[in-house]
*Asks:* 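Can you read through this structure? Questions will come right after.
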Amino acid sequence: MKEKSTAEWQAADAAHYLHPFTDFKSLAAKGSRIVTRADNIYLWDSDGQKILDAMSGLWCVNVGYGRRELIEAATAQLKQLPFYNSFFQTATPPAIALAELLAEVTPPQFRHVFFSGSGSEGNDTVVRMVRRYWDIQGHPERDVIISRHNGYHGSTMAGASLGGMWGMHAQGGLPIPGIVHIEQPCWFELGQAMSRDDFGIKAAGWLEARILEVGPDKVAAFIGEPVQGAGGVIVPPSTYWPEIQRICDKYGVLVISDEVICGFGRTGHWFGCETFDFRPDLMTFAKGVTSGYIPLGGVMVGERVAKALIEQGGEFHHGYTYSGHPVACAVAIANIGVIRREGLVERVRNELGPYLARQFEALAEHPLVGEAQTCGMMGALQLVRNKASSESFDASLEVGMVCRGHCFGNGLIMRAVGDRMIVAPPLVMTLGQIDEMVALIRRCLDLTLADVKQRGWM
Ligand code: PXG
């Protein structure tokens with residue numbers, strides 16, 4: 001590709017490229033940061049600035065950048081068979097081998113997979129599959145799926161409908177029919193009057209209340225992320241998911257775990273449902289399955305649903321051109337190989353996760369931080385105006401964006417969700433690199449504090 005200067009890239013970008021989740025006009029005025037290369041946990045931009053990527057690309061580069069094994073797997077597969085589909089009584093060896101491998105690394109109820117190209121497509125598959133399941137059971141009226149406010153399940157029509165982001169619903173006539181929401185298990189926002197454990201039970205109770213309101217004979221499934229990622233790394237109390245499972249079992253409601261972020265080691269187990277001790281019937285995955293090197297997603301289908309689909313379902317009228325793309329599947333196999341050989345899941349559970357948790361406990365002392373939470377290799381810092389009373393800043397001040405601006409300027413990528421600053425760094429970090437990241441975070445918090453005081457906001 002022809003090299004351009006930063007200004008030339010920015011001009012061409014502003015002229016032609018509509019970015020996702022972006023105010024196009026305001027970005028064109030500011031100019032994009034152009035990322036040109038990466039290695040391990042670092043990125044470099046077109047001005048040569050080195051950046052520590054504490055978001056793993058977008059929650060996905062679990063094994064870090066520049067991994068030879070993944071690059072070689074893609075290259076070899078591109079030469080051997082760059083594409084063939086899985087329709088019309090056909091399959092390719094990488095897709096079959098990955099299906100077999102996923103059955104090995106996922107919880108025992110999962111022996112089948114349906115591939116998609118992304119997490120959103122995976123969740124569209126979930127909606128169609130769940131409704132098909134109840135159809136086959138002779139209960140087509142059981143078509144309501146319950147989801148949560150501030151959950152994120154993608155940006156397609158079904159994905160955005162399942163998600164509980166009201167801004168997304170306001171554009172394009174969403175949610176689609178048959179999707180309803182309950183409140184999220186966010187203790188900081190909704191539960192501070194009680195213990196975390198009591199709040200977990202209370203928040204799960206909102207599901208039972210909604211099932212009774214809709215009618216248990218109408219409810220098909222409940223979907224949630226084990227830890228809400230895009231919503232701000234909201235780690236639920238440990239009592240929450242077991243209670244959700246109990247309620248779903250009581251009413252025969254299917255449980256769907258959206259593992260697009262939590263899957264493949266992020267929480268310290270292969271899947272978030274193992275960390276939080278529940279037993280989903282379906283599990284959406286994407287991102288970490290290939291460490292983001294190439295798009296791939298899918299749905300793990302537990303025996304309850306798989307048996308019905310296979311034995312009684314007839315043709316399932318659903319699928320994508322890239323379902324089981326051989327190059328993507330070859331990369332996923334190499335990626336899972338790296339995770340296994342390097343014991344990354346165990347490292348997150350036993351070493352990196354606990355270390356990150358201790359560093360975040362120390363960051364919780366900072367005057368701007370009202371709450372610090374981590375789970376495995378993900379973490380959140382809630383910025384507050386008054387630490388003692390947990391009083392928030394006025395949302396219109398966009399303090400999170402001020403902090404993100406300092407991160408940008410200091411070679412650190414950290415995401416701002418409102419006033420919640422979040423990280424989800426690669427699972428291959430050394431302890432020294434965690435120290436380096438935390439030192440950068442601390443510096444950016446200090447700069448934000450000075451900024452906020454100077455503006456008279458605190
Ligand atoms: N489910 C979950 C839990 C996700 O986090 C999706 C589904 C959709 O996956 P695709 O591959 O279709 O994007 C996601 C995606 C953010 C951010 O701002 C998070 C995601 C995507 C874009 C931005 O944190 N997660």
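Both ligands and their constituent atoms are indexed starting at 1 by order of listing.
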*Asks:* Starting from atom 23 (C) of ligand 1, locate the nearest protein heavy atom and write down its residue, its atom name and how far away it is, to 0.1 Å.
*Replies:* Leu58 CD2, 3.7 Å

*Asks:* Hydrogens and angles aside, do Arg442 and Gln359 bring a side-chain donor and acceptor to less than 3.5 Å of each other?
*Replies:* no

*Asks:* Please state which protein non-hydrogen atom is closest to atom 11 (O) of ligand 1 and give its distance, to 0.1 Å?
*Replies:* Gly119 N, 3.0 Å

*Asks:* Taking the six-membered ring of Tyr293 as reference, does the cationic atom of Arg67 (NZ for Lys, CZ for Arg) lie under 6.0 Å from its centre and within 45° of its axis?
*Replies:*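 The answer is no; the distance or angle limit is not met.
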
*Asks:* Which ligand 1 atoms are under 4.0 Å away from a heavy-atom of Ala230?
*Replies:* 16 (C), 19 (C), 24 (O)

*Asks:* Does the side chain of Asn40 come under 3.5 Å of the side chain of Gln433 through a donor N or O and an acceptor N or O?
*Replies:*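 Yes, because at least one side-chain N or O of Asn40 sits under 3.5 Å from a partner of the opposite role on Gln433.
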
*Asks:* Please could you name the atoms of ligand 1 that Ser118 approaches to less than 4.0 Å, counting only its heavy atoms?
*Replies:* 11 (O), 12 (O)

*Asks:* Is Tyr152 close to Met165 at the side-chain level, that is, under 4.5 Å between some pair of heavy atoms?
*Replies:*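 SC-SC contact between Met165 and Tyr152 confirmed.
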
*Asks:* Taking only heavy atoms of Asn123, which atoms of ligand 1 are found under 4.0 Å from at least one of them?
*Replies:* 1 (N), 7 (C)

*Asks:* Hey, is Phe21 one of the residues with a heavy atom under 4.0 angstrom from ligand 1?
*Replies:*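 Outside the 4.0 Å threshold, so no.
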
*Asks:* Under 4.0 Å between a side-chain nitrogen and a carboxylate oxygen: does that hold for Arg246 and Glu243?
*Replies:* yes

*Asks:* Is the shortest heavy-atom distance from the side chain of Glu259 to the side chain of Glu274 under 4.5 Å?
*Replies:*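 The answer is no; the side chains never approach within 4.5 Å.
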
*Asks:* Taking distance alone, with N or O pairs closer than 3.5 Å, would you say Glu225 contacts ligand 1?
*Replies:*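 In fact, backbone or side chain, Glu225 has no N or O that close.
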
*Asks:* Return the closest protein heavy atom for atom 19 (C) of ligand 1 as residue, atom name and distance.
*Replies:* Trp59 NE1, 3.5 Å

*Asks:* With the side chain counted from C-beta on, respond yes when Leu102 and Phe110 share a heavy-atom pair under 4.5 Å apart, and no when they do not.
*Replies:*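 No, too far: nothing below the 4.5 Å cut-off.
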
*Asks:* Quick check: does Gly154 get an N/O under 3.5 Å from an N/O on ligand 1?
*Replies:* no

*Asks:* Mind checking whether His19 and Phe24 have ring centres under 6.0 Å apart?
*Replies:*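 When the ring centroids of His19 and Phe24 are compared, they turn out to be at least 6.0 Å apart.
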
*Asks:* Counting non-hydrogen protein atoms only, what is the nearest one to atom 13 (O) of ligand 1? Give residue, atom name and distance.
*Replies:* Ser120 OG, 4.2 Å

*Asks:* Taking atom 25 (N) of ligand 1 as the point of reference, which of Lys287, Glu121, Arg415, Gln228 owns the nearest heavy atom?
*Replies:*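 Among Lys287, Glu121, Arg415, Gln228, the closest heavy atom to atom 25 (N) of ligand 1 comes from Lys287.
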
*Asks:* Counting heavy atoms only, which of Ile223, Ile261, Val417, Asp258 is nearest atom 5 (O) of ligand 1?
*Replies:*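 Going through Ile223, Ile261, Val417, Asp258 one by one, Ile261 has the nearest heavy atom to atom 5 (O) of ligand 1.
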
